[in-house]
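So the structure is just underneath, and the comments pick up after that.
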Amino acid sequence: MTEATRFNPHIADARWQEYWENNKTFHADDESEKPKSYILEMFPYPSGRIHIGHVRNYTMGDVLARYKRMTGHEVLHPMGWDAFGMPAENAAMEKKTHPGSWTRENITNMRAQLKRLGFALDWSREIATCEPEYYGQEQALFLALYKAGLVYRKESSVNWDPVDMTVLANEQVIDGCGWRSGAPVEKRKLSQWFLKITEFSDDLLDGLDDLKNWPDKVRLMQENWIGKSSGLQFHFDLENSVNSDDGAIDKVEVFSTRPDTIFGASFVAIAADHPLAQSLAKDNQQLSDFCDDCRKMGTTAAELETMEKKGFDTGLSALHPLDPTWKLPVFVANFVLMDYGTGAVFGVPAHDQRDLDFARKYMLPVTRVVAKAGDEETPIANEAFTGEGTIINSRFLDGMEIEAAQKSVIDHAESENWGKTQVTWRLRDWGVSRQRYWGTPIPIIHCNQEDGSGCGPVAVPNDQLPIVLPEDVGFDVPGNPLERHPTWSKVDCPSCGKAARRETDTLDTFADSSWYFLRFASQPADKPFDRGVVEKWMPVDQYIGGIEHAILHLLYARFWTRALAHIDMLDVKEPFESLFTQGMVTHETYSRQADGDAKPTFFSPDEITRTSSDATLNSDGKAVDVGRVIKMSKSKKNVVDPDEIIDQYGADAVRWFMLSDSPPERDLPWSEAGIEGCWRFVQRLWRLKSLIGDETDSPDKDLMRKMHQSIAGVGEDIENLAFNKAVAKIYALVSAIEKAKPSADRNSAIRTAFMLCAPMVPHLAEEAWSEIGDGSNIIANAAWPTFDKTMLTEDEITIVVQIKGKVKDKFTTVPGRSKEELESLALASKKVQNIIDGAPIHKVIVVPDRLVNIVI
RNA sequence: GCGGACGUGGCGAAAUGGUAGACGCAGCAGACUUAAAAUCUGCUAUCCAAUAUGGGUGUGCCGGUUCGAGUCCGGCCGUCCGCACCA
């Protein structure tokens with residue numbers, strides 16, 4: 001084969017990318033009459049280089065976007081940058097650069113990388129969240145929410161690094177110490193801004209039912225996250241009251257979802273931050289130390305659940321509400337959270353594992369109050385009993401089922417006025433303050449005069465937006481550059497005109513990604529979005545991204561959409577109609593174990609020569625260990641660079657690889673052999689074009705059937721995002737074409753094949769279409785081929801004959817035969833007769849066009 | 001700890017409760033070629049039989065439902081993912 005007959009992606013890719021751009025092929029028209037389709041992939045963080053995982057994500061969205069165009073939709077398929085965040089500040093410190101220039105340079109590089117993949121994106125709508133045109137509008141939205149009462153300020157604790165003088169993210173706290181300084185991390189209380197997401201708890205939960213096209217697991221994760229539970233809130237009277245700054249404390253309010261176990265209580269536990277604990281700690285150094293220890297511990301759910309349960313006996317006694325003579329010890333415990341419920345619980349060791357662990361440690365009684373029949377006398381060992389059963393050892397509740405007992409206790413509490421039913425949520429309000437530079441400045445001015453007067457926090461007037469981040473900052477000294485800036489924070493109070501201070505905290509970057517899909521749809525200069533235009537495009541018809549965003553990003557975006565609807569800026573309920581979470585791209589690792597117990601050294605794929613059986617290091621020709629196929633990561637060096645792959649194989653082969661083999665929700669193992677196979681297939685597709693010949697009229701019914709089946713199947717597979725299946729069907733069609741004899745039908749099948757693969761390998765498809773198409777259109781604008789239903793069924797089918805469910809024989813026949821005909825054809829089989837051997841036939845099951853099962 | 005997902009050839013996988021392994025990769029054999037690359041053809045779960053035709057086994061393990069289970073149910077085992085300041 002000569003070079004001239006090969007597909008050359010280096011020429012074709014650039015040619016078509018330029019053509020599409022010059023002709024604005026993928027610009028979305030707000031005024032279009034066609035049905036709309038909004039296809040969105042989660043926008044990337046500009047970390048520096050496009051990762052192969054991005055390529056997979058955007059290729060999937062691109063196939064769908066191109067397919068939707070071909071099926072007559074006006075498609076909005078935009079791209080932008082989630083450009084604020086910590087990595088830019090880290091880079092600024094490490095590389096002595098500025099977060100802005102680092103980020104913008106990354107965007108430039110990554111945009112160029114994305115463009116090389118030929119995605120059908122409307123680049124005219126590109127946004128970067130770090131630009132004032134974007135975050136200024138976000139400030140306006142923040143103020144709108146503020147004015148609607150959905151934003152408030154409260155004290156909240158953060159991880160504080162005393163050496164770097166900075167707040168640390170959870171992930172920057174390693175074994176209780178700052179990742180950079182190594183200094184022990186402290187908890188520090190700061191006054192911070194919160195968004196009232198809990199105002200929408202019920203609605204966010206109920207709305208999940210309508211998200212039929214979301215993965216069940218994501219809906220479940222959100223449901224658990226919101227964590228609605230109902231139970232009894234009541235108080236224990238304290239035997240002796242405790243003095244505090246706010247007067248005497250004489251009771252402890254607790255919440256429980258299991259009031260039926262109230263007679264199994266053996267202690268009361270309160271959080272270290274509980275007002276009662278705080279008051280006691282003032283006069284008790286040991287308790288004070290214990291509370292400090294609690295605060296030093298991690299706050300993530302995983303850490304709380306797995307850490308050793310520890311308590312401190314306050315010496316106080318709580319009186320059981322159903323028996324005032326019954327006294328329970330009151331502990332401060334590290335596993336009770338001030339943020340959830342009332343910050344206090346009663347412990348029922350027999351029926352809660354955490355309580356049981358705690359009771360064993362502090363020698364507290366364990367009384368079984370729920371039992372399955374026959375288990376009444378079985379002692380609780382090391383495992384709490386959380387199953388169904390009947391109430392025992394519980395006075396007036398004895399003999400009741402759990403549910404009846406709960407109702408009975410609640411009735412008692414309400415009639416005797418010591419408690420009431422209560423719905424509690426796990427969901428907490430969203431703390432959005434970040435003590436960092438590289439984020440959206442919070443548009444608030446603090447007016448606090450030295451004499452104690454002042455207006456307090458004041459919203460920046462809208463005509464002063466955007467509040468632009470100052471560029472003249474440095475990162476060579478610890479602390480937040482916005483706080484140190486000589487002039488930026490010094491402003492006059494918009495309300496009274498006296499000297500005041502600008503808020504130096506910035507917004508959580510999740511705020512930036514909570515409304516970007518609205519700004520993509522509409523981006524006027526003078527407001528966040530145009531309501532009418534947004535409502536034309538929204539909701540996003542298909543959203544695609546990683547499972548790591550299953551909870552926070554998706555919940556926050558759902559919240560912002562509701563909040564904006566609540567203040568009547570928008571009439572959209574759910575932002576994302578369908579959600580798809582794609583798998584990661586993985587790669588095997590190459591390593592060598594050094595002598596001793598040192599960590600192994602990893603090698604990158606381009607330092608390795610891989611054969612089917614083993615791998616050798618290029619530099620010394622000796623073998624390396626081939627490790628498991630795992631998520632690509634820099635530390636394991638098992639990364640591949642999309643640019644290098646495109647240089648070598650072109651965009652279409654890379655795109656084809658991203659879609660082949662693995663189902664899109666599952667991990668995709670990258671391999672050199674795999675991409676080479678895709679490259680060969682791209683060339684094989686290209687050669688189909690040269691099979692186009694004379695329009696000789698010799699009908700090829702088998703090929704036509706295959707063609708119509710492929711049109712139906714590939715379309716359905718793309719609609720279902722089952723790209724691997726669509727790819728398999730295209731392979732099968734191409735094979736059938738190659739085996740067919742020349743005919744007008746074959747020419748037609750070849751043209752159809754290019755149509756079907758156009759969303760996946762668009763450059764090759766355009767290049768081929770420019771030669772063999774009808775000349776009226778580029779393939780990106782062509783109409784998806786239609787299929788003839790009557791052409792989908794086979795002329796001849798195979799019927800399986802089973803005896804007691806085991807396949808014993810087969811015969812072929814025409815489709816559509818009656819059950820009786822199939823049964824007699826099956827019974828006529830010699831093999832079948834031999835096996836039956838005169839035995840009585842109990843039953844014959846006939847599945848039309850499929851099988852006959854004879855039960856003897 | 002809690003929650004979730006997944007487990008099928010050497011590998012990625014396919015299979016409305018109805019012929020397990022489509023399609024691809026790797027491999028083997030052959031054709032073409034001075035040769036290589038590229039391309040094409042055939043084979044490729046496993047055991048027995050060893051020639052086509054044949055027979056048995058097989059979807060992580062144990063059990064259940066069913067005429068029939070990779071698929072549904074229960075219980076194990078294993079792997080992976082998420083868990084509020086990473087984005």
Side-chain angles (χ1 to χ4, degrees), chain A residues 1 6 42-45 47 82 84-87 90 156 158-159 167-173 192 215-218 220-221 223-225 299-307 335 339 353-354 357 426-436 508-510 512-513 546-553 555-556 583-584 611-613 628-631 657 660-663 665-669 671-678 680-681 683-684 687 722 724-725 727-732 735 738 798-807 809-810 842-845 847 850-856:
Chain A
M1 169 163 326
R6 282 167 79 93
M42 292 178 184
F43 65 164
Y45 177 77
S47 56
D82 190 11
F84 275 137
M86 272 195 325
N90 294 333
S156 163
V158 293
N159 303 311
V167 173
L168 298 179
N170 280 341
E171 71 155 19
Q172 297 172 316
V173 181
Q192 308 204 63
D216 287 342
K217 76 173 157 188
V218 175
L220 189 66
M221 282 163 89
E223 187 181 324
N224 291 338
W225 192 254
T299 52
T300 69
E303 285 171 307
L304 285 171
E305 299 284 347
T306 50
M307 71 192 176
F335 61 87
D339 291 328
Q353 192 59 44
R354 220 171 32 184
D357 296 343
R426 214 184 73 96
L427 184 67
R428 308 197 294 258
D429 276 335
W430 172 16
V432 291
S433 295
R434 295 293 181 272
Q435 296 69 37
R436 296 184 210 292
D508 180 3
T509 57
F510 273 122
D512 310 334
S513 53
I547 186 68
E548 67 274 19
H549 292 296
I551 300 175
L552 293 183
H553 161 58
L555 192 66
Y556 292 153
M584 295 178 300
T611 68
S612 60
S613 54
R628 285 188 26 229
V629 177
I630 54 169
K631 177 182 182 176
F657 187 101
S660 303
D661 291 355
S662 285
E665 67 278 10
R666 235 182 271 181
D667 288 351
L668 171 68
S671 73
E672 197 65 25
I675 183 68
E676 275 172 13
C678 293
R680 286 198 297 270
F681 181 70
Q683 295 301 340
R684 197 173 144 202
R687 285 192 299 274
N724 57 322
K725 293 188 214 169
V727 161
K729 286 183 179 118
I730 290 172
Y731 273 115
S735 292
E738 288 167 341
T798 303
I799 303 290
V800 170
V801 184
Q802 298 182 330
I803 296 191
K804 292 201 286 190
K806 298 258 181 202
V807 178
D809 199 7
K810 297 166 192 181
H842 294 302
K843 199 173 176 181
V844 178
I845 288 120
V847 181
R850 277 198 183 266
L851 64 75
V852 179
N853 187 11
I854 300 160
V855 186
I856 54 173

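Proteins come first, then strands; the chains are lettered A, B, ... in the order of their sequence lines, and each starts at number 1.
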Who passes side-chain hydrogen bond (donor to acceptor under 3.5 Å, both in side chains) against [X], sequence neighbours left out?
X	answer
A:D809	A:S829
A:R434	A:D508
A:E676	A:Y649
A:D667	none

How far, in whole Å, is [M] from [N] if one measures between their [atom1] atoms?
N	M	atom1	result
B:A50	B:G56	C1'	15 Å
B:G10	B:U19	C1'	25 Å
B:A45	B:U33	C1'	35 Å
B:G4	B:C62	C1'	24 Å

Which is true for A:L427 with a 4.0 Å heavy-atom rule: it touches a base, it touches only sugar-phosphate, or it touches nothing? base
For A:F510, which contact category applies under a 4.0 Å heavy-atom criterion: base, sugar-phosphate, or nothing? base
Measure the distance from CD1 on A:I675 to P on B:G24 and round it to the nearest whole Å. 17 Å
Rounded off to whole Å, could you give me the CZ-to-P distance for the A:R684 and B:A38 pair? 15 Å
Side chain of A:R850: nearest nucleotide among B:A87, B:U19, B:A13? B:U19
Residues in side-chain contact (heavy atoms from CB on, under 4.5 Å) contact with A:I799, at least two apart in sequence or another chain: A:I797, A:F811, A:T813, A:L822, A:V852
Heteroatom pairs (N/O) under 3.5 angstrom, protein to nucleotides 25-27 of chain B:
unit_1: B:A26; atom_1: OP1; unit_2: A:R680; atom_2: NH2; d: 3.3
unit_1: B:A26; atom_1: OP2; unit_2: A:R680; atom_2: NH2; d: 3.2

Defining pairs by Watson-Crick or G-U wobble geometry with both distances under 3.5 Å, how would you list the stems of RNA chain B with at least three pairs each? B:1-7 with B:77-83, B:10-12 with B:23-25, B:27-31 with B:39-43, B:45-48 with B:54-57, B:60-64 with B:72-76
Short heteroatom pairs, N/O only, protein and nucleotides 53-60 of chain B, under 3.5 Å:
none

Just the table, please: protein N/O against nucleotides 79-82 of chain B N/O, every pair under 3.5 Å.
none

Reading nucleotides 42-49 of chain B from the 5' end, what letters show protein touch, with B for base, S for backbone sugar-phosphate only, - for no heavy atom under 4.0 Å? --------
Looking at B:C85, does its base get a donor-acceptor pair with the side chain of A:R436 below 3.5 Å? yes
Donor-acceptor pair under 3.5 Å, A:Q192 side chain vs B:C85 base: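 Flag set: donor-acceptor pair detected.
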Check nucleotides 28-31 of chain B against the protein and report each pair of N or O atoms closer than 3.5 Å, with its distance, or say if there are none.
none

Residues that A:H549 engages under ring-ring contact (aromatic ring centres under 6.0 Å, His included), provided they are two or more places apart: A:H553
A:F510 side chain near A:V432 side chain, heavy-atom distance below 4.5 Å: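 In short, these two side chains do not touch, never coming nearer than 4.5 Å.
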